[in-house]
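Both backbone and side-chain heavy atoms feed into the values below; hydrogens, waters and symmetry mates do not.
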Amino acid sequence: MTIRIDRRTFLKGAAAGSLAAAGLPLLARFGVPRGSFDASASDGGSPVLAVAVAGSPEAMVRGAVGALGGMSRFVRRGDVVVVKPNIGWDRTPEQAANTNPEVVRTVVRMCLEAGAKKVRVVDRPCNDPRRCYKQSGIRDAVESIGSPAAVIEHVDPRMFVEKEIRNGKTLQRWTFYKDVLEADRTINLPIAKHHNASRLTMSLKNIMGILGGNRGNIHHDLDRNIVEL
């Protein structure tokens, strides 16, 4: 059976499956206890969505992840974790083009607290990688943790491997970053913002940062290609 889905429906579904760090007063308007918004699975299982607002980035991240059951629900002792923020642009944190560095630092710390053996932060930027890592504040944020188990790495072009995209219609094969494919856990840390082609860029489009090759080609029939990736 073929299921067709338009972009609006797809984006609504993508948003519903995302963890949003945005703020606590908003939740009170929905009559939800202050500190968490719990969208539990239909079978009565663990929450799949949490929203936190109006606090420091660290407090919001810890509040949202705590509402989902804590980082230990996702990261186990001895895991190798890849954290994939958006570090795509030579912009400062105040310009909000990249993931907030405090969010990245907090997530890395929480992975280590959960017992991760190693946490690797990586992206393939659109602008000059060294300037992006520095200007975004993310390099300094990760290095400030002061743990040899927390590292921020530049992409090694030799580490891309070609993989088949099962049931692909517009894409059948592409190259992906090997360290991400082999990690025990990958945590996607996008920033929600507008985009001239997709209107919204968030979780799924952030995955383009683990792709090799000419990513400009992905922007032709962008909606469908993001779905297939």
Subject >> Steps toward side chain to side chain contact (heavy atoms under 4.5 Å, CB included) verdict (Gln172, Arg166) >> reply: CA-CA 7 Å; Gln172 284 77 47; Arg166 293 189 296 273; over 6 Å; no
Subject >> Criterion side chain to side chain contact (heavy atoms under 4.5 Å, CB included) on Val83 and Val119, from CA distance to verdict >> reply: CA-CA 7 Å; Val83 173; Val119 184; 3.7 Å; yes
Original post:
side chain to side chain contact (heavy atoms under 4.5 Å, CB included) between Val107 and Met71: does it pass, once the steps are laid out?
Top reply: CA-CA 9 Å; Val107 168; Met71 187 61 78; 4.2 Å; yes
**OP:** Using atom types as modelled and distance alone, determine if a side-chain donor or acceptor of Asn188 lies under 3.5 Å from a backbone N or O of Ser203.
**Re:** yes
Subject >> Donor-acceptor pair, side chain of Trp89 and main chain of Pro125, under 3.5 angstrom >> reply: no
Subject >> Leu204-Leu229 co-clustered via ILVMFWY side chain contacts under 4.5 Å >> reply: yes
Original post:
Looking just at side-chain N and O atoms, do Glu94 and Thr92 make a donor-acceptor pair shorter than 3.5 Å?
Top reply: yes
Original post:
Taking only residues two or more places apart in sequence or in another chain, which ones pass side chain to side chain contact (heavy atoms under 4.5 Å, CB included) with Glu162?
Top reply: Arg173, Thr175
Original post:
Do Met159 and Tyr133 belong together in a cluster built from hydrophobic side chains that touch within less than 4.5 Å?
Top reply: yes
Subject >> Listed partners of Arg139 passing side-chain hydrogen bond (donor to acceptor under 3.5 Å, both in side chains), at least two apart >> reply: Glu143, His154
Original post:
Hey, are the side chains of Ile187 and Val82 touching, using non-hydrogen atoms and a 4.5 Å cut-off?
Top reply: no
Original post:
Considering all heavy atoms of both residues, which atom of Pro85 and which atom of Ile138 are nearest to each other, and what is their separation?
Top reply: CB-CD1, 4.3 Å
**OP:** State, yes or no, whether a side-chain contact exists between Asn225 and Trp174 at a heavy-atom distance under 4.5 Å.
**Re:** no
Subject >> Listed once per pair and sorted, the salt bridge (charged side-chain N to carboxylate O under 4.0 Å, His left out) pairs that draw on residues 205-220, sequence neighbours left out >> reply: none
**OP:** Give the cluster check for Val151 versus Val108: same hydrophobic cluster or not, with ILVMFWY residues linked at side-chain heavy-atom distances below 4.5 Å.
**Re:** no
**OP:** Please determine, by modelled atom types, if Glu228 and Thr170 share a side-chain donor-acceptor pair under 3.5 angstrom.
**Re:** yes
Original post:
Is a side-chain N or O of Arg105 found less than 3.5 angstrom from the main chain of Ser144, in a donor-acceptor match?
Top reply: no
Subject >> Heavy atoms of other groups near Lys169 NZ, more than 12 under 6.0 Å >> reply: no
Original post:
When you look at CZ of Arg73, are more than 12 heavy atoms from neighbouring residues, nucleotides or ligands closer to it than 6.0 Å?
Top reply: yes
**OP:** Answer whether the closest heavy-atom distance between the side chains of Leu189 and Asn86 falls below 4.5 Å.
**Re:** no
Subject >> Met110 with Ile145, same ILVMFWY side-chain cluster at under 4.5 Å >> reply: yes
**OP:** Return the set of residues passing side-chain hydrogen bond (donor to acceptor under 3.5 Å, both in side chains) with Asp184 (not counting sequence neighbours), or none when no residue passes.
**Re:** none
Original post:
Taking the side chain as C-beta and beyond, is there a heavy-atom pair between Thr99 and Ile87 under 4.5 Å?
Top reply: no
Original post:
Are any non-hydrogen side-chain atoms of Arg120 and Val81 less than 4.5 angstrom apart?
Top reply: no
Original post:
Can you tell me how far the CG atom of Asn214 sits from the NE2 atom of His219, to the nearest 0.5 Å?
Top reply: 10.0 Å
Original post:
If only atom types and distance count, is the side chain of Asn127 paired as donor or acceptor with the main-chain N or O of Asp90 below 3.5 Å?
Top reply: yes
Subject >> Partners passing salt bridge (charged side-chain N to carboxylate O under 4.0 Å, His left out) against Lys117 (at least two apart in sequence or in another chain) >> reply: none
Subject >> Nearest-0.5 Å distance that lies between atom CG in Leu181 and atom NZ in Lys178 >> reply: 9.5 Å
Original post:
Excluding sequence neighbours, so at least two apart, what forms ring-ring contact (aromatic ring centres under 6.0 Å, His included) with Phe160?
Top reply: Tyr177
Subject >> Polar side-chain atom of Lys84 near backbone of Val122 as donor-acceptor pair, under 3.5 Å >> reply: no
Original post:
Is there side-chain contact between Val155 and Pro129, with heavy atoms separated by less than 4.5 Å?
Top reply: no
Subject >> Test item: Val227 and Arg224 side chains (from C-beta on) under 4.5 Å apart, heavy atoms >> reply: yes
**OP:** Take Asp179 and Glu153 through the side chain to side chain contact (heavy atoms under 4.5 Å, CB included) test and state the conclusion after the steps.
**Re:** CA-CA 11 Å; Asp179 286 350; Glu153 302 173 336; 4.2 Å; yes
**OP:** Please determine if Asp156 and Arg158 form a salt bridge, counting it only when a charged side-chain N lies under 4.0 Å from a carboxylate O.
**Re:** yes
Original post:
What's the shortest heavy-atom distance between Ala54 and Met60, and which atoms?
Top reply: N-SD, 3.7 Å
Subject >> Worked verdict on Arg91 versus Ser136 for side chain to side chain donor-acceptor pair (under 3.5 Å) >> reply: CA-CA 6 Å; Arg91 299 291 187 272; Ser136 67; over 6 Å; no
Subject >> Any Leu49 side-chain heavy atom under 4.5 Å of Pro47 side chain >> reply: no
Subject >> Donor-acceptor contact present, side-chain Asn98 to main-chain Gly88, <3.5 Å >> reply: yes
Original post:
Is there a path of hydrophobic side-chain contacts, each under 4.5 Å between heavy atoms of I, L, V, M, F, W or Y residues, that connects Leu222 with Ile210?
Top reply: yes
**OP:** Could you tell me whether Asn167 atom CG has more than 12 heavy atoms of other residues or ligands within 6.0 Å of it?
**Re:** no
Original post:
Yes or no on salt bridge (charged side-chain N to carboxylate O under 4.0 Å, His left out) for Arg62 and Glu113, after CA distance, side-chain angles and deciding distance?
Top reply: CA-CA 12 Å; Arg62 289 187 178 275; Glu113 292 165 6; 2.9 Å; yes
Original post:
Quick one: does Thr201's side chain have a donor or acceptor within less than 3.5 Å of a partner on His194's backbone?
Top reply: no
